[in-house]
Q: 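Mind having a look at this structure? Questions to follow.
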Protein chains: 2
Amino acid sequence: MTTQNTVDLLRLYKLRPTRQRVALAALLFDGTARHVTAETLHGQVKDMGITLSLATIYNTLHQFTKVGLLKEIRGIGDATWFDTNIDQHHHFFDITNDHLIDIPASSITISNLPDSPQGKVIDGIDVIVRLSDE
Amino acid sequence: MTTQNTVDLLRLYKLRPTRQRVALAALLFDGTARHVTAETLHGQVKDMGITLSLATIYNTLHQFTKVGLLKEIRGIGDATWFDTNIDQHHHFFDITNDHLIDIPASSITISNLPDSPQGKVIDGIDVIVRLSDE
DNA sequence: CAATTATTTTACAATCATTCTAAACTACTT
DNA sequence: AAGTAGTTTAGAATGATTGTAAAATAATTG
Ligand SMILES: [Mn+2]
Ligand SMILES: [Mn+2]
Ligand SMILES: [Zn+2]
Ligand SMILES: [Zn+2]
């Protein structure tokens, strides 16, 4: 993604295109599916020779999530993961290397779910398929 | 559960029936399905007038899990939950009150799951159905 | 292009769930 | 009863994350 495209993307979402946000958006939104934690992303920008504080990474990941550019995933190890795939979908989680693989929602059929309790409605369904070496 | 039954249960699993473990086992294994965190369980024993350290609660929950008396559930809020239902099953999670409800594995049908990657095998499947007020 | 204002970044402290450590205590064996 | 191995505990440490307040920077205005 060019810097100009990244700037435009941020403007579109009413986020000031600061040096830090441009760097992170360029890394994240290259069209490929990415799963990052604050720490892994911090490592990736550092590898590019850019220094920015972990607090800014957290702030930015949450802002991107708020505007709908990212999805938060919890329950994978101890840290919070952020996903560039914002479609409703599920995950394989390889417990031997902490690797996530997308499963399109259309690839899983869930049937016979019991009725929700009185006055409650389903907000979402998260499926995690844990993988290990055979 | 009588104290004697609790003592026998612990002996059966080669765990010394200490005052602390007897109290926790009696609370947990009364035959009803329970979902606790270290903190909620700590509160419950405190309410019974028994004082024991949070470290012991953590130790005991992990020991009970290791021998198969409990199951660990992650991805529900920030804390680790422990479940007296050790059958393979899933959960409704009510996000308005942090309440968990069991869904028997037999009540959910998952079909069309994509193939696992080369050399990987499915270790387990966790389904969390998030509930909110309608 | 200043000057002003609004937003963002950052260093650093604080929080919270959990684990570690090492000393005091207790259950089991002899 | 004494000895030993296992357990509990207070308190420190850890690690992910969030809060704070000052310094830096982007946007706006004249
Ligand atoms: Mn968050
Ligand atoms: Mn654990
Ligand atoms: Zn994903
Ligand atoms: Zn359960």
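These figures come from a predicted structure and were not determined experimentally.
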Q: At less than 4.0 Å, is any side-chain N or O atom of A:Arg16 found next to OP1 or OP2 of D:dA27? Yes or no.
A: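 So the side-chain polar atoms of A:Arg16 never come under 4.0 Å of the phosphate oxygens OP1 or OP2 of D:dA27.
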Q: Are A:His35 and A:His99 close enough that their ring centres sit under 6.0 Å apart?
A: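 No, they do not, as the ring centres are separated by 6.0 Å or more.
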Q: Tell me: NZ of A:Lys66 to P of D:dT18, nearest whole Å?
A: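 Atom-to-atom, A:Lys66 to D:dT18, this comes out as 13 Å.
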Q: Starting at atom CZ of A:Arg74, determine the distance to atom C1' of C:dC16, rounded to an integer number of angstrom.
A: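 Rounding to the nearest Å, CZ of A:Arg74 and C1' of C:dC16 are 13 Å apart.
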Q: Both B:Arg11 and B:Leu54 contact DNA chain C. Which one's nearest nucleotide lies toward the 5' end?
A: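 Comparing both residues, the 5'-ward one is B:Leu54.
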Q: Give a yes/no on whether any side-chain N or O of B:His62 is located under 4.0 angstrom from OP1 or OP2 of C:dT19.
A: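 Yes.
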Q: Contact class for B:Thr56 vs. all strands (heavy atom < 4.0 Å): base, sugar-phosphate, or nothing?
A: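 Contact class for B:Thr56: base.
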Q: Would you say the rings of A:Phe64 and A:Phe29 are close, in the sense that their centroids are separated by under 6.0 Å?
A: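 Under 6.0 Å, so yes.
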Q: Going through the distances and angles, do B:Asn85 and B:Lys71 end up as a side-chain contact (heavy atoms from CB on, under 4.5 Å)?
A: CA-CA 7 Å; B:Asn85 180 352; B:Lys71 270 182 65 158; over 6 Å; no
Q: Check the distance between C:dA17's P and B:His42's NE2 and give it to me in whole angstrom.
A: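 One finds 13 Å between P of C:dA17 and NE2 of B:His42, rounded.
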Q: Among the candidates C:dT19, C:dA11, D:dT8, find the nucleotide nearest to the side-chain atoms of B:Arg21.
A: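 When the side chain of B:Arg21 is considered, D:dT8 is the closest of C:dT19, C:dA11, D:dT8.
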Q: Would you say B:Asn97 has more than 12 foreign heavy atoms packed within less than 6.0 Å of its CG?
A: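 Counting other residues, nucleotides and ligands, CG of B:Asn97 exceeds 12 neighbours.
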Q: Rounded to whole angstrom units, what separation is found between the CG atom of B:Leu24 and the C1' atom of D:dT9?
A: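 So the two atoms are 14 Å apart, to the nearest Å.
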Q: At 4.0 Å (heavy atoms only), tell me whether A:Ala79 reaches a base, stays on the sugar-phosphate, or touches nothing.
A: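 Answer is sugar-phosphate: A:Ala79 comes under 4.0 Å of backbone atoms only.
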Q: Strictly below 4.0 Å: does A:Tyr58 bring a side-chain N or O up to OP1 or OP2 of D:dT17?
A: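 A:Tyr58 to D:dT17 OP1/OP2: side-chain N or O found under 4.0 Å.
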Q: Starting at CG of B:Asp98 and ending at P of C:dA17, how long is that distance when rounded to a whole Å?
A: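 Taking CG of B:Asp98 and P of C:dA17, I get 12 Å after rounding.
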Q: Without decimals, in angstroms, what is the distance between A:Asn59 CG and D:dT20 P?
A: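 These atoms are roughly 13 Å apart.
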Q: Are B:Thr18 and D:dT8 close enough that a side-chain N or O sits under 4.0 Å from OP1 or OP2?
A: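 It does, given that an N or O in the side chain of B:Thr18 lies less than 4.0 Å from OP1 or OP2 of D:dT8.
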Q: Please give, in whole Å, the distance from D:dT7 C1' to B:Ile57 CD1?
A: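 Distance, rounded to whole Å: 14 Å.
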Q: Closer than 4.0 Å, any side-chain N/O of B:Gln20 to the OP1 or OP2 of D:dT9?
A: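 For D:dT9, OP1 or OP2 has a side-chain N or O of B:Gln20 closer than 4.0 Å.
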Q: Send over the distance from A:Leu15 CG to C:dT9 C1', rounded to a whole Å.
A: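 The answer, rounded to whole Å, is 15 Å.
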Q: Is it true that A:His91 and A:Asp102 share a donor-acceptor pair across their side chains at a distance under 3.5 Å?
A: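 Yes - a donor-acceptor pair under 3.5 Å links their side chains.
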